[in-house]
Every structure is written in C-alpha cells, then in structure tokens.
Amino acid sequence: MIMVLAVFAILIFYDVRKFIRTKEPVKVFAIYACFMATSLIVSLLLAAGRKPPGPTQWIEAILNIFGVAS
Amino acid sequence: MVMCRKGKKGYGIFLVLFFIFPVLLTGCWNNRDLTEMNFVAGMGLDRTEEGKVLMTVQVVEPAAIISEAKAQSAQPKPVIVKSYEGETIFEAIRGILFNFDKKLFFSTAQVLILGERLSQDDIEKILDFFQRDHEINYRMDILVAKDATPEEILEVESDQDPIEAMYIKGTVENTDARGTVKRTMLIDLIKDIGSSGKQLAIGQISKEGEKEVKTEGLAVFKDGKLAGWLGPYETRGYLLVINQIQSAIVNVTKDKDKVAMEIIKSKGRIDVAFRNSEPSKLIVKVEVQANVGEYEGRGKLESPGNLHNLEKILKEEIKKEIKMAMNKIQKEYSSDIFGFGEHMRKHQPQYWKKVKKDWNDTFSDLPVEIQVDARINRIGSVKDPVKKVE
Amino acid sequence: MEKARISSIQLFLLLTGFLFGNTLILAPAQGAKNDAWLAILLGGAGGALLMGVYAAIALLNPSKTLAEILKEKLGKVGGSFVTILDIWYFIHLASLVLRNFGEFIVTMTFLETPMAVVIGLFAVILVYLVNSGIEVMGRLSELLVPVIFLVVFIISLSLITVRDFTAFFPVLENGMKPVLNGAFALITFPFGESVVFLMVFPHLNKKERLKKVVPASAALVTFIILLVFFRDIFVLGSDLMVRSTFIPHLTSLLLPGFNVEPLIDITLMIGGGVKCSVCIYAAARTLCQIAGIGDYRKLTGAISTFCVVLSIWVYANVLEMFNFSENLWPYYSLPFQIVIPLLLLLLSFRKKSSQSNERAKSQKGKDAAKAY
Amino acid sequence: MTGECDMRYWANCKWVKKMTEISKRKKTRNQNSDANTCLDSYEPIPKTIEEVTKRLNEVFSDCSDFMQRKISCGKYGMISILVAYFDGFVDKRVLNQDVIRPILDVFSNTELHECPGLYDRLKEYVVINNDIDDAEDMGQAVDGIVSGDAVLFIEGEDRALVIGVKAPQGRQVEEPDTETSIRGAREGFVENLLTNTTLIRKRIKNPNLKLEMMQLGEQTRTEVCVCYIKGIADDNIVRDVKERLKKLKTDAVLDTGIIEQHITDNRLSLFPMVGNSEKCDKLAGKLLEGRVAILCDGTPYVLTVPYLFIESIQVTDDYYDHAFFATFMRLLRLIALLFSNMLPGLYVALVSFHHTVIPFKLLITLAASRQGIPFSPIVEAALMIVVFELLREAGVRMPKPIGQALSIVGAIVLGEASVSAGITSNLMVIIVATTAVCSFIVPPLIRATMLLRFAFLAAANFLGFLGILFVAVAVFIHLCRQRSFGIPYMTPFSPLTTSVLRDSFVVVPFWAMVTGRGHQKYAGGASKQNTGR
C-alpha cells in the first residue's frame, strides 16, 4: 500500500512538475489525471487485496450477450 | 539535436532507477547465494508400508569434494544421505529439512531411483511433482531399484566417484557401449506417460556388494505398475527393437569358435500389419552393422564368404535375443513397451481407435515377424585369427 | 507533427518483432494439437491477407494515421468514438503483453519476486524507448530483433539430436474443426494485432515499399512460428506440449549439455518490448491526435502506468490468461482487427473512385490493393 | 583574430583603462568584450619611439620577459627603430640574422635623415624573413608581441612591422604512448599546431584539405584549427562544427578535451560522441572518411567528428593487416567490450539466481570456492572492482618506478592474500582480473564501461539475468538515440548502412572496399565520393 502510494507520488510529481514548467493546456492535465486516478484507485484496491472485476470479465460478459464465447 | 535534449529526462529516470533502486533493495526475493543451499545429487523415492512417500536425498558437500581432490586429509563425507516420510513428495522434500541447515536445490539431481514398492503402485501419478516444479532437471536419469531400497542404493559409497549419484549416472551413461540397460531420462518418461499407445519401461539398478551398484536389465510396467523385469540380454533385444542401441557386443559361435561382434550401428523399426482391418501381425525390422571384434579360435576369415557366414550367424543370434524379449513381454507381462500402439496411433489412427481399449491383450496375442539384416563392415587389424603354421 | 522517418528494413524488423512478440509463450493455434502446423500455415496465409488490408488502407490514405483516417471516413463523432475504442484496444493489448512477460518470468525464473516489480521495471524501459520516438524504436529493433532469430535458430539447431520426427502424426486426427479454430486464433493473434501499425506506416520513408515489407514480414513470422512448433513437438511430443504452460521454456531445458533458459528471456523481452512499445506509442499518439495535443510524449508516462496497473488487474491467474487468449481474444478482437479495417478499406475505395474522374486512376488503385 | 579577445586581460592594463575612459565606454567594459577590444585595438601607434616605448612599458609592466631593443641607424644615428618581443618566445638567432643584421647592414651608412619610403623599404627588401605583416594600430602590434612575433616600430611611422620569428618549441615528433600500433606510422602529433598541420599536409597532398584557423578561449586565445577535406566531408557537418566552435564561450582552452566537452552532442552520455587521436595516419584516414578534425595548439590530441560507436573498436592496424585477422581482432574487441561491462554482473547473476543454468560439476566448484566467504557475491565483486580501480588510478598517477612496486602489491597482497584470507573467492579474483584486462582493450569506452559495470552489477543482484537484460536494453536505447553531429551513433548497424558494414565487426580486404584506401563514409549518401587526388 505504502509502496504503491510512494511510487505513484514519485511518478505524478515528476510528470506534473514537467507539465507545469512547460505550461501545458488544461486538457493534458485532464487526460493525465484521468489515467493516473484510475490507475491509482485500481492499484490501491489490488494492493488491499480486493480485486475489482476487470476488463476480462466485462469482455466476457459482453461476448456472452452476443453469444459468441462458449 | 532536439531529441537529445529531450533525452536527458529519460536518462535521468534510467539513472535513478538503475543505480539507486537496486542498491536499496539489494538481495531481495529470489537472490539466493550458492552457500545458502544444499545440492541434491541423487534422489530416491519409495513407498512405506503405510502408503506414505519415502523420499531419500543425497546431498553434496562441495567443500569436501574439492578439498578431497587437493589433499587427502580427514574431511567430512562428500555426500550425506537422508530420508523422510510424507504424504506427498513435496511435503517430504520440505520435511527433510528438519536436519539440513540449508534449503535443498534439486536442479542438480542426476538420478532418481524408484523403489520397488512404489513401482508396484501407480508411478504415473507420482511423477507430477517432477514436471511441475520449475527447478527439476528434465534430463536426470531414472532407474528402478531391484532387491534393494533406493535408500540402500544411494548409501553405497563408491570408490570411483566421491558423489555416488555421479557414479550411478556414469554406469547408466556407458550403456551406449554395452546396451544392457535402458537409459530413461525424466523427459522420456514424461513423454511415454502421455502417450496412450506405449507402456513404461525403466532401467534397473541393483546393489552389487557394499561399494558398487549394477545397472543392468529393465523394469517393465503395465498401466503404471511394475509388471516384471527383463534380464540384460532381453533388454538388449528390446533396445534393438526400439532403436536405442548405440553399440553392443554380441557373442556368436561359429564352428565352436567364439566370435565377438561389435555392433556399431543399429536401426530398429516396428510396424503393424493389418488384415480385414484388424491388426494381424507385429513386424520388427532391425538392421545391424557390426565389426568383428574378437575371434577366439582357429577359423578362417579370408574370403567374403566367411563374412557372409558370420553375418548369418549374427542375424540368428540377434533374432534370438529379440525373440526372447518379445516372448517374455508378450506372454508374461503383456505390456506394449515397444510402442506398437503408438506407432498405430500415428500411422493408422482409424484402426487405433478401435483396438485402443484393450490393446495390451491384443498385443500379446499377435504373432511377431522379426526381420533382421546384419552386415559386417570391418574385421580389424588382422584377417585370420592367430595360428601356428602347419 | 512528428516528421520521423523509418526505413523499410526498420519497419520490417519492427513488424516482425511485433508479430513475434509474445507469440512464443502463448503458442496460438495450440488447440489443434499436432495439427497445429496446418493451422499455422492457414493462419499465416489469412494473417498475411489481413495485413494486406491494413497496408492497402495505408496506401490509399498516404501519410495519414489511423485517427486521421477514421475521422475523415466516419465523421467527427463516429470517428472519435471508434478512435477511443481503438485506443482502449491498444492499451489493452500492451497490458496483455506486459502480463504475459511478467507471468512467464514469475512462473519460470523469479518465483518469489512480485510480478508488479518485473512489469514495472520493464515499463520504465518502454517509456524511455517510446519517448525516444519511432525512429529510435526502428533503430533499436534493427539492432535487437535479429537476435530473436539467432536465438531461435541456435536452440533449434542444438536440439537436433534429441528429437522424434514422427511426433506430429497422425494428421487430422480430430478433423478440420480444431485446425480452423487454430487458424482463426492465429489470424487474430498475432497477425491481426498489427492493426496498430496503421499508426506507424505513415512514417515509412518510401511508401511503395509497404507492398513488400508487409507480406515479407508475415511470411517470415509464419515460418518461424512453424519452425518453433516443429521443434517443440519433435522434442516434447504432442501430449507434453499441450500440457505445458510455457512451451519454449520446457524446450530450453532439454538441451543436452547446458541450460539456455536465459536465452528465452531475451527473445521474450525483445519481442514483447517491441510489441508493447509500438502499442503504447500508437495509443499515446492516437490519444494526442484526437485530443489535439502536440507531443505524444507527455502522455506516455500516464498510459504506461495505466498499462502496468491494467496488466496486474486483468487476470487473476495464469489459467485465466490462457483461457482468455485462447477463447475470448479472437472474438473480442474481431471488430478492431477485421470489421473496422474492412470498413475503412471500403470507404477508402469508394472515395478514391468518386474522387478521381479518370477511370484509369481508380483502376490502378484497385490493382494496387488487389496485389494483396 | 576573430575579435573574441580577452577583455579582462586588456582591462587590467592601465593604458586600456585610459583609452576606455576616453571613449566613454565604461559600461560595456566588463560585458561586451567585442566592443571593448575593437575600440582598444584602434589606438594609433605613436609616431615617436619614446612614446611607443612608454606605451609598451605600460602594457607589459611586470612582464620580465618582455624585451625591447632600440636600434639607431643611419649615418648619424638619426633613425630609431624599436624591436619589441618576448624573450624565449622568438628565435633570437633568426631575429638577429634576418631582421637586425640586414637593417644594420643596409642603414648604418646610409645618409638618410628621414626617409618617407623607409617603412616600405624595410618591408620589401631589407628584412629577410618571409612572415611579415603590418600592424595598423597598437592593438595589432601588442597581439603580435604576445603571440610570439617580433614587432618593429619605426620612428615617424604610425605603422609597425610584425615579423614572425617564433622559436620552434616543444618536443620532437615521436611515437605516441597512448596509441601504439604494431604496424603503421610511428609519427604522433605534438603540442605545436603548425607541426601538426604540416604532418597532416604531408599525408594528404591536396588543395582540398582545408585548415581553417580560429582563436578560442578568452584568456588563453588558443589557436584552433578546423580541418577537413572539401568534397569528402559533408558541408553541413563542417558548418555545424564551426558554429558550435564559435558559440564556445570559455576562459581557457588548454586541451582539446575542453573543446570536446563543449561541442559534444550529449554531455550527459557516458559514451564518447567526439573522437580523439594523436596518430597522424589515423587522423588522415578519418579525414578521408569524411570526418572533420579539430586541432588545437598546445595538445597532441586531435578531435574528430562525427564519432560513431563502431570507431571505438576500430584500430589503424586493422587496415594494414590481413582482413581475416583484422576481423578476428574486431570480434575479440567486441567480446572484450561485453566482458568488461557484464562479466561481474553475469557472475553475480549466475551465483545468486540462475543456479539451474550452471552445469553440476561447475556448480560444485563454484559453491566450494564460495564456501566460508563472509560477503555476498555483490559485495565481494564491488569490493574487488573498487580495489582494482584504485590500483589502476594509482598506477596512472604514480611515477613509473613506483608503479612496479604497486603492481606487486596489487597482485600478491590483494589477489593472493585476500583469497587465502578467505575474504574473496578465487573465482572472483579471476573474474575481476579478466574484466580488468578486457577493459583496457577498448580504451575509448573505458569510462563508460567503468560505470556501467556497476550498473550491471547492481541490476544483476536485483533481478539476475533479467536485470542485466534490462540495463543492456536501456543502454542500447540510449546508444540508438544518440547522434553525433547529425549522424546516428550506431550507424553501420542501425540505421543499417550496408556499404559501411564492411568496416564494422567484419573488415573486408581493401580491394573489396568501395574506395581505394578502404575508408568509407560513415553514413549513407556517399555520393560525393572523392576529390581529384
């Protein structure tokens, strides 16, 4: 848990500092925040041992609706 | 230029990660020093009377071996043999650590000796551990102990090699000069277990006195259970058929003279003949090339005719050996260790599906046709055997 | 925006490395057991055809990337929607490759090391590579991809003494169905995955070379997969091959004399690295193109982080991984690999023929596409 | 003179201060050296010798080696001529023979009181020396003096004659210590720039060989020469080199090493992006391959750009020797390069992670040799490597006779004794020794390998073989993204340049190479093949 937070803190600090220095438009921050937030939440959940249903399950469900996957 | 400027950032990350992180996390996880482990040279596996697994390991003491080579001083024994009982192999392996100070390392195992009692059980199931574990040496030799427990065999202290397992491995390896024991590596065994048309056959080992072992003969399995044994000559017949002979000495008698023929090349093939879409005959074809190695007597070896004669005799002799093996396997053990079934599966799958179910019975009832072709190439440095001028 | 140019040799090796990628450990078409060689041949042919479609799209829309083509053909809204789906697909693909890599390492070599560490460190290198630009990726693949071939050939040659050449008999024991299934699986993995290269094709310095590069690389990869399949089945036998988790690893253990396990890591790392970096590159650039951001390098870090997390998240265990890649992946990939590209190809054709007044010109374009 | 003069030098001189005050340019004095010096240099030369002497004494106050000689000639000693120079800097014998004696000879008995054509007569037919220049103002005259010329001031003239009578200095041309070769020329460059350019000219007798001079270093004002063959060298690269040199702002250029650090593409990279050599034949070869050389007065090391990775393992001997042998040596050097980087790392990876890879018997030997060693393999390896680097550094810095003792200490005490004391395993000593030997085989990369070795070691200890792979790939990426003056660093391999590949790991015989001498252009587009030679 702490390791995950530390790694993310380093990554975000490193990137955001660069963005601020180069004065990036808001959309860059938005997309960046979107990816990082998702990653952070998921990895925290994983670190806590609670694996949320992942893309594999979604895809399986979708394919089952179409009835292709056995 | 622009790219290089940008590159400095990435370079920074690289430097930080690869110089600082490893130093901080030094020695984590899988990092295990050589001095923290015991090397297993040989393993033995048997069942106890209560049906538990009895695991025997032979562990090498490296320092003792190296220093023994240097100076013959009083040293600890180069190998230690220990046994432990457990419900499963893995449990026994971990349990054995009760009196080892370091973890065992199995990748170095050279031989695996199976006990007789275990062999009479189902050995196919028990081999799963050896496939699954990532540290197992797939090329280790497997032998079945006859008239001795694996523990007894591993405890033999040979004078020839300080590591007893290496000594056993050596004796198995030299089978390519004599052909009297089948060399079975773990991978072969695993492959054979997987194929439905072939029964297991594993080389045999037995104790010979206090300081030596003998690897000769064959343990024949049927459906994973030990069915019986083959003697050295029968084994050779069997090996000729399955094309595993590299070199062997076959003695023949010609006009009361003993002649030793050195087989230098042999090719065995098997086939199944069909009649009315039923297998009707097993066909064994063996081609042998041999040299005259020794001629003990007063015969003549001058003309090609002499050699042809010898070839004929050799042919018969080989045929006899193969027949002996075939007979015993078909009639006594009725277990298709030759892989006729496998051959059918590969080449006549439609028939195979039909006879698959009770193939072993069908196999023992089928007649065998043995075709041997022998050729003698060389006769060595002299033509005729030594004789006084008359 | 990015004026990087790569040569045809670089593209060839990049493509080959990409197709090679994690193919070896997942061993597609393995469902056909000892008939897999037929499946590989069929799948290779189909894959080459599919890649021909991608090349035709690239040739009909010169110097346009996937995002631009989609926007042009499907309109702003539809194009953006499909583009976002494609971005997801690229990211997913990258994370699956990362997971394969991590799973292999953790199962075979470093049992006690957390997979996240292995994947994370790998991703760091990938970010470094992707940030260096497509030119450097091309140059690096020029240096390293040949190593894969070298390793495969070395291992194959040294195993020549321990093989049983009849192992792939009987032919068609279980009928054609598994073969066709295997061929289909092979088309979607790895050949169909090269749809990612629609983001890379515009960088080729000589556009017309695409006609040679794409089929050549498909052929080479088919040949290598075939070689590897025969090597493995000759050495292991069909039964053990079907049962083993990571086939090449097992094969490497059987070399007489010594163990070449680390060489397998090398091939996996190079192939997987090329594949992953191309995917991340494509995802980042596509994202930047639809969001109107100039430099894709700003987002590679975020995307790679997400890939790493996703790769841990995506499967619970190795069996799930195999199940997904064998049973679900082909169907899941269909829209991305076949439906959208075919649609694009049709639209490109129509536009081409309506645009040009001269018939001859459109005929020429068709001919060019027919070459595939 | 390029106008990049040393302003602080001038600023210290009293007369300069005075002049600047007069011109009311105080503000720019310490900032804009160009404006400052230009202004100073336009100070006219006084017409009377007394005043000249006074000025010069002001300028060169406290310069004990500054010499002035006043010659009075003409029948009545009416004409005064002042010769100013730095003692030791000029060749006095030449000065006396070529300048002073003719002046005395010609003018001693002439009945000239004040001759208007005296200056021209002196210049045209009195002074024997060839290297004569005019100094229109005081600045030029002073420049001439500090750069080792003798300056003649003549009574009544506002010009001065600058006569090049520099004494030949420095050592003789001899074989360089650093780059010895078995075959090939023994001549190496020396510290004198003119000698060096002569050595190049001697080898390439071609008017297309261009030598462009410039002065760098605000304090030292060192002569730097850009040398290339027009028609072979890429014009863009030549322009790039000149631009980068012009941008170079530094006090002192004492060695080409300083130039190298300023013009290199990536200053953070451990790998050399600029080549250096002190061998004439090597440099000639490089020039013929289209490279640009940068020579600098005061150092025998000549820079060549662009520099590619492959050049690190190329040696001049390769071209003079049998091609098969040369190829073998190249491959050997490559192996040495790999070993010197990775060997300790590989050892650590094997010993701590990949026990399954080691054959059984070897494993026993390894385990036995590691028995009783108190350190983990990484610590052991790091210790040994550091000790070795210490020894090496000490060996370089120490006077040669002591070096002997050092090697004994190194070999016996540290090698033998540490093993028998049980601090290191004898295998580790072998590994480190092999690494050390290998690292000497590829000298240009010695600093890169020295540091990378630790990176590989740490990575190996962290993730075994995989760690080594990670670092190796990272290094490869790094190499691939470098460019040296626009040319990708890994050129013959990536981007693949087949024509140059003949001179990479494989050396084909000369007759099979494209150009006659066996030198290839470093990059594609070798269309401009050659000049009329």
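Chain naming here is simple, since letters A, B, ... match the order of the sequence lines and numbering starts at 1 in each.
Here the straight-line distance linking atom CD of C/Glu320 with atom CD of A/Glu60 works out to 7.5 Å at 0.5 Å rounding. The line from CG of C/Leu328 to CD1 of A/Ile62 is 11.0 Å long, rounded to the nearest 0.5 Å. To the nearest 0.5 angstrom, A/Leu63 atom CG is 9.5 Å from C/Tyr332 atom OH. Atom CZ of A/Phe35 is separated from atom CG of C/Leu310 by 10.5 Å, given to the nearest 0.5 angstrom. Remark: C/Phe306 CZ to A/Thr38 OG1 distance equals 5.5 Å, nearest 0.5 Å.
In plain terms, the two heavy atoms of C/Val314 and A/Lys51 that are nearest each other are O-NZ, 4.4 Å.
Between the side chain of C/Trp313 and the main chain of A/Ser39, no donor-acceptor pair closer than 3.5 Å is present.
Proximity of A/Phe19 to C/Lys298: side-chain heavy atoms (C-beta onward) are separated by under 4.5 Å at one or more points. Side-chain contact between C/Thr305 and A/Phe8: present, with at least one pair of heavy atoms (C-beta onward) separated by less than 4.5 Å.
With a threshold of 4.5 angstrom between heavy atoms, C/Trp329 does not approach chain A through any atom at all. Heavy atoms of A/Pro53 lying under 4.5 Å from chain C belong exclusively to its backbone. For C/Phe324, the part sitting under 4.5 Å from any heavy atom of chain A is the side chain, from C-beta outward, and nothing else. Of the two parts of C/Ile91, only the side chain, counted from C-beta on, holds a non-hydrogen atom closer than 4.5 Å to a non-hydrogen atom of chain A.
Heavy-atom pairs under 4.5 Å with chain C were tallied for A/Pro25, A/Pro55, A/Ser43, A/Gly54; the largest tally goes to A/Pro55. For the set A/Ile31, A/Ile12, A/Leu40, the count of heavy-atom pairs under 4.5 angstrom toward chain C peaks at A/Ile31.
Shown here are the salt bridge (Lys or Arg N to Asp or Glu O under 4.0 Å) partners of C/Lys71, two or more places apart in sequence or in another chain: there are none.
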Only pairs under 3.5 Å count here: list side-chain donor-acceptor contacts from residues 175-188 of chain C, not counting sequence neighbours, and write none if there are none.
{"unit_1": "C/Thr188", "atom_1": "OG1", "unit_2": "C/Phe184", "atom_2": "O", "d": "3.4"}
{"unit_1": "C/Thr188", "atom_1": "OG1", "unit_2": "C/Ala185", "atom_2": "O", "d": "2.9"}

